[in-house]
Visitor: 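First the structure, then my questions, so here it is.
Every chain is numbered from 1 and lettered A, B, ... according to where its sequence line falls, protein lines coming before strand lines.
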4 protein chains.
Amino acid sequence: MKKSKPKYNQIIEAAVIVIAENGYHASQVSKIANKAGVADGTIYLYFKNKEDILVSVFEEKMGQFIERIVEGINEKQKANEKLFTLVEMHLRQLSEDHHLAIVTQLELRQSNSALRQQINKVLKPYLAVIDEIVKEGMEENIFRDDLNIRLVRQMIFGTIDEIVTNWIMKDGKYDLVKQAPTIHTLLSNGLTVK
Amino acid sequence: MKKSKPKYNQIIEAAVIVIAENGYHASQVSKIANKAGVADGTIYLYFKNKEDILVSVFEEKMGQFIERIVEGINEKQKANEKLFTLVEMHLRQLSEDHHLAIVTQLELRQSNSALRQQINKVLKPYLAVIDEIVKEGMEENIFRDDLNIRLVRQMIFGTIDEIVTNWIMKDGKYDLVKQAPTIHTLLSNGLTVK
Amino acid sequence: MKKSKPKYNQIIEAAVIVIAENGYHASQVSKIANKAGVADGTIYLYFKNKEDILVSVFEEKMGQFIERIVEGINEKQKANEKLFTLVEMHLRQLSEDHHLAIVTQLELRQSNSALRQQINKVLKPYLAVIDEIVKEGMEENIFRDDLNIRLVRQMIFGTIDEIVTNWIMKDGKYDLVKQAPTIHTLLSNGLTVK
Amino acid sequence: MKKSKPKYNQIIEAAVIVIAENGYHASQVSKIANKAGVADGTIYLYFKNKEDILVSVFEEKMGQFIERIVEGINEKQKANEKLFTLVEMHLRQLSEDHHLAIVTQLELRQSNSALRQQINKVLKPYLAVIDEIVKEGMEENIFRDDLNIRLVRQMIFGTIDEIVTNWIMKDGKYDLVKQAPTIHTLLSNGLTVK
DNA sequence: AATGAATGAGGATTCATTCAT
DNA sequence: CATGAATGAATCCTCATTCAT
C-alpha cells in the first residue's frame, strides 16, 4: 500500500467488500464507513469524495496486481513464457480475490467518463508491460515480426478481460486459472490449422 | 422493430442521441422525451421504466446489427471468410454510427448488474453466431480441431470489443474498418512464428 | 402577486411564516413545503433554490409595499406631507404584518453578500421614491436647497429602518405607527432649537 | 483587551481578517485557527464556541471603538460639538479599519437572532453615550426640549449605520469622514427651511 | 497548555414515476 | 392515446466540537 495510514487501508478494504456485495450505486459512503469502523466524516480525511475512494481502490489494488505480475515475468526468459505468466497470474490474482474481481470487472465500469479516464491512466503501466512482452517476442523472433503492437495488446487484454468478466458473471463457478494454457495457446497460435 | 408505433421508434432514436451526447447518468427521462418530441408521461406508455428504454435500444439496434452480419456471413462459404466478414462488419457498423458506438461501448456499461444480465441475453444470438462460425471452421478442418469454443468466442468478442472501445475513447480519430484484416490475421494465426 | 400560480403564492406565504417563526437557518425547505401543503420537490418547480425563495418573498412583498406607499404619496401635494405619508405607511405596513417585519428586518439580513446584492436591487425603487420626495421638497422650497440627496436618503431610510428593527427586537410591544409624527418632525426639523 | 493572553488576541485579530476576507459563512473555525497560527482545538481553550469568537471580536473592537469616542467627546463642551465628534469619530474609525468595517456592517449581521441579542448588549454602552449627549443638549438648551430620546438615538445611530453600510457596499470608494459635517448638519437642523 | 485526528448530525436537491385531465 | 404538474425518497459532504496524547 502506498500510504501506511491504517485508516486509509481499512477504508480501501471495506470499500472493496461493500462495493462487491452491494454494487457501486448501492454502496453509500456511510455503509463503507460503517464497514471500515470509522465515522462518515473520517472518509473525507482520506479521500476527496466518493469517486476518489473508487479510484484509490483501483490504484492500490492495480498497483499490487501489476507489481506481482512484473515480478513473475522477470523470472522468465522468453517472451512466450512471459506471456503465459501474465495470463496465468492475471487469472490467478482475480481468481483468488473474488471481491476484487467483481469490483474491477463489473462495478468499476459503471463509472462516468471522467472516472474512466482516471482508471485508464492507472491501467497504462499494465498495458505497457504487455507491449514490452510483445516487442521482446518480436525481437527474439519468437513472435511474428509484422505485429501491430496496439492491436496485439488490445487482443491480449480484451481476451483476458472478457474471459474474467464472463467467469464473474457465472459467479466464478469454474476454475479460471486452469484455462491459462488454452488461452495462451489461442493467443500464440490463433485459430488456424498450420 | 418490435412495434410499428412511430412514437416507439422516435423514443428509441432520441435515446441513442441523448445518451451518446450526455452520457448515461445525465440522460434524464425528460431529456429523452423532449428530444423525441413527446411528453414525459408518454414514455411510460411504450416502456416499463427507464431501464426498459435502454434494454430496448440495445435490442432494437443489436437486432439490426446481428441481422446484417448474418446476411453478410451467409454469402460466404468458408469459416475464415465468415470470421473476416464478422470482424469487418462489426467494425463497420459501429464505425458508421458513432452515437450507437458510444452507447454500446461506454454508456450502456454503466448500468447496474440487473440491467447487464438483460443485455447479455440480447447479446446471446450474436455470440451464437460466433460459436457457429468456429464450429464450422473446425468441421471444415480450417480451424484447429481442439478449440475450446467458449474461450475462442470470448477471445474473438473480447478482442473486437476492446478494439472498438479504445477507438471510441480516442474519439474515433482513426479508421477502424481498415484494421479488420490485421485483426482477422491475428485471430487466425496468433502471435507465433510458424 | 406577479404570478397567478396558486402554488407559487402558497409557497411564498408559507415561507414568510416559517422563516419568521423559525429563523432563516432553521427553515428547512421541507418545513416550508409542508406549511405550503406541497411536496418538497414542488418547491423546485417554482423556485431555483432555497435562496430564490427568500429573494422572491422579498420581491413580492416589497413590490406591494412600495406600490401602496406610492399610491399614498400620490394623494399628497407637498413634499413634507409625502415624507410623512412614507414614514407612516412604512411603519404601518410592517406593523400590520409582524411575520413580514421579522423577515425583512432580521432574517433577510442573514443572507450572504450575493443575496444581499439582489435584495438591494429590489430596494432600489423604494430609495428612488425617497429621492424623488427630497428633490420635490427642494424644488418647492419646503426643504433646504443645499441637501445632499444621497445622505438625506440614507438618513431617512436608516432612521426608519433602525426604528422598525428595534421595535421588532422588542417583540412589537409598543405602537409603532403612533411614532410617525415624531419621526417626521425629527427628520424635518432636526435636533436643534431654532 | 479582557485577557492578556497573546493567543487570545491572535485569534481575535485572525478572526477579523478571515471573516472580512471570506465572509461569515465561509469562515470555518479551522481557517481562523490557521490564520492565528494555532491548532483548531486551541480555539476552544479561549472561546466557548464559534459564536463566542464573534461576540468577542465585537466586544474587543467595540470596546476600543467606544473608549476612543468617549475620550474625544470628553474634550468637547457643548452637546452639538460632542455629537459632531461622535459622528466624525464613528466614521473615521471604521474608515481606517476596512476589515473591521466589513465585519461589523455586513458579516456580523448574518448571525442568528440569539447572537444578535448579545451583540445588542455590547452595543448598549455606545447607545448610552448617544443618549447622554442628547440629554445634555436638551439640558443646555441647545437641542429642543421635547425630544423623544429613544427615537433620537435611533435616528442618529440608524443614520450613521446606514451611511457606513452603503459606503462599505460601494467598497469604500469615496471619503467617508469628509461627510461628517453634512451628516451632523442634517441631524441638527433636519430637512426643513426655517 | 496545546494539538489535530476523529467524530457524526443534518438538509438541499434531483429525477423517475404517477395520474387526473 | 397523450399530457405534464406533482410527487417524495434518497444521500453526499461539511464543519463545529471533542478528547486522547
Side-chain angles (χ1 to χ4, degrees), chain A residues 5-8 10-11 25-34 36-53, chain B residues 5-8 10-11 25-34 36-54, chain C residues 5-8 10-11 24-34 36-54, chain D residues 5-8 10-11 25-34 36-54:
Chain A
K5 310 264 192 133
K7 301 237 157 134
Y8 177 83
Q10 279 172 45
I11 295 166
H25 284 114
S27 294
Q28 297 87 340
V29 170
S30 63
K31 217 180 251 173
I32 295 172
N34 186 258
V38 301
D40 291 16
T42 304
I43 297 274
Y44 294 88
L45 296 177
Y46 296 92
F47 302 92
K48 228 173 43 249
N49 51 37
K50 192 183 171 186
E51 261 197 7
D52 190 32
I53 305 177
Chain B
K5 308 281 185 110
K7 300 225 165 153
Y8 177 84
Q10 279 170 43
I11 295 166
H25 283 115
S27 294
Q28 297 86 341
V29 170
S30 63
K31 215 179 253 174
I32 295 172
N34 186 259
V38 302
D40 292 15
T42 304
I43 297 274
Y44 292 87
L45 299 174
Y46 295 92
F47 301 91
K48 218 170 58 245
N49 52 33
K50 192 184 176 184
E51 269 198 2
D52 190 30
I53 305 176
L54 281 170
Chain C
K5 311 264 190 134
K7 301 238 158 131
Y8 177 85
Q10 278 170 45
I11 295 166
Y24 178 62
H25 284 115
S27 293
Q28 298 87 339
V29 170
S30 63
K31 218 180 250 174
I32 295 172
N34 186 259
V38 301
D40 291 16
T42 305
I43 298 273
Y44 293 87
L45 296 177
Y46 296 92
F47 302 91
K48 226 175 41 252
N49 50 36
K50 191 182 172 186
E51 261 197 8
D52 190 33
I53 305 178
L54 201 59
Chain D
K5 309 281 184 102
K7 300 227 164 150
Y8 177 84
Q10 279 171 43
I11 295 166
H25 283 114
S27 294
Q28 298 85 341
V29 170
S30 63
K31 214 179 252 173
I32 294 171
N34 186 259
V38 300
D40 292 17
T42 305
I43 298 273
Y44 292 88
L45 299 175
Y46 295 92
F47 301 91
K48 219 169 58 242
N49 52 34
K50 191 184 176 184
E51 270 198 1
D52 190 31
I53 306 176
L54 281 170

Visitor: Going by the rule ring-ring contact (aromatic ring centres under 6.0 Å, His included), which residues pair with B/Phe47 if we only count those two or more places apart in sequence or in a different chain?
Guide: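 Only B/Tyr8 meet the ring-ring contact (aromatic ring centres under 6.0 Å, His included) criterion with B/Phe47.
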Visitor: Report yes if some heavy atom in the side chain of A/Tyr46 is under 4.5 Å from a heavy atom in the side chain of A/Val38; otherwise report no.
Guide: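 No; the side chains remain at least 4.5 Å from each other.
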Visitor: Starting at atom CZ of B/Phe47, determine the distance to atom P of F/dA2, rounded to an integer number of angstrom.
Guide: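 It works out to 12 Å between those atoms.
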Visitor: What's the NZ-P distance between A/Lys31 and F/dC12, to the nearest Å?
Guide: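 In whole Å, F/dC12 P and A/Lys31 NZ are 10 Å from each other.
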Visitor: Can you check the B/His25 NE2 to E/dC15 P distance for me, whole Å?
Guide: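 Distance, rounded to whole Å: 11 Å.
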Visitor: For C/Gln28 and for A/Ile43, find the nucleotide of DNA chain E with the closest heavy atom, then tell me which residue's nucleotide is more 5'.
Guide: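 Between the two, 5'-proximity favours A/Ile43.
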Visitor: Would you say the side-chain atoms of B/Lys48 pair up with the backbone N or O of B/Ile53, donor to acceptor, closer than 3.5 Å?
Guide: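 Not at all, since once roles are kept as given, no pair shorter than 3.5 Å links the two residues.
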Visitor: Can a donor-acceptor pair be found, under 3.5 Å and without considering hydrogens, that links the side chain of A/Lys31 to the backbone of A/Ala26?
Guide: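 Answer holds: yes.
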Visitor: Just jot down the side-chain hydrogen bond (donor to acceptor under 3.5 Å, both in side chains) partners of C/Lys50, sequence neighbours excluded, or say none.
Guide: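 By the side-chain hydrogen bond (donor to acceptor under 3.5 Å, both in side chains) rule, C/Lys50 matches no residue at all.
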Visitor: How many angstroms lie between OH in D/Tyr44 and CG in D/Asp40, if you round to the nearest 0.5 Å?
Guide: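 D/Tyr44 OH to D/Asp40 CG: 8.0 Å, rounded to 0.5 Å.
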Visitor: Rounded to whole Å, please give me the gap between CG in A/Asp52 and P in F/dC13.
Guide: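 Whole-Å distance recorded here is 10 Å.
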Visitor: Which string of ( ) [ ] | and . matches DNA chain F, if you list each base 5' to 3' and count Watson-Crick or G-U pairs only when both distances are under 3.5 Å?
Guide: .||||||||||||||||||||
Visitor: In terms of side-chain heavy atoms of B/Val29, which of E/dA12, E/dA16, F/dT11 is nearest?
Guide: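 Shortest atom-to-atom distance from the side chain points to E/dA16.
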Visitor: What is the minimum heavy-atom distance between D/Ile11 and D/Ile32, and which atoms define it?
Guide: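 Heavy atoms only, the tightest pair is O-CG2, 4.1 Å.
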Visitor: Round to a whole Å and report the spacing from CD1 of A/Ile32 to P of F/dC12.
Guide: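 In whole Å, F/dC12 P and A/Ile32 CD1 are 8 Å from each other.
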Visitor: Using atom CD of D/Gln10 as one end and atom C1' of E/dA1 as the other, report the distance to the nearest whole Å.
Guide: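 In whole Å, E/dA1 C1' and D/Gln10 CD are 14 Å from each other.
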Visitor: Between protein and nucleic acid, restricted to nucleotides 3-5 of chain E and to nitrogen or oxygen atoms under 3.5 Å apart, what atom pairs and distances do you find?
Guide:
{"from": "E/dT3", "atom 1": "OP2", "to": "D/Ala39", "atom 2": "N", "distance (Å)": "3.0"}
{"from": "E/dT3", "atom 1": "OP2", "to": "D/Thr42", "atom 2": "OG1", "distance (Å)": "2.5"}
{"from": "E/dG4", "atom 1": "N7", "to": "D/Gly41", "atom 2": "N", "distance (Å)": "3.1"}

Visitor: Nearest heavy atom decides the nucleotide; on that basis, is B/Lys50 or C/Lys50 closer to the 5' end of DNA chain E?
Guide: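 Between the two, 5'-proximity favours C/Lys50.
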Visitor: Rounded to whole angstroms, how far apart are CD1 on A/Ile11 and P on F/dC12?
Guide: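 So the CD1-P distance, A/Ile11 to F/dC12, works out to 14 Å.
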Visitor: Both D/Glu51 and A/Ala26 contact DNA chain F. Which one's nearest nucleotide lies toward the 5' end?
Guide: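 So the residue in question is A/Ala26.
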Visitor: To the nearest Å, how far apart are B/Tyr44 OH and F/dG4 P?
Guide: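 Roughly 15 Å, once rounded to whole Å.
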Visitor: Applying side-chain contact (heavy atoms from CB on, under 4.5 Å), name anything that partners C/Asn49, two or more places apart in sequence or on another chain.
Guide: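 Testing C/Asn49 for side-chain contact (heavy atoms from CB on, under 4.5 Å), a comparison that skips the adjacent residues, returns C/Glu51, C/Asp52.
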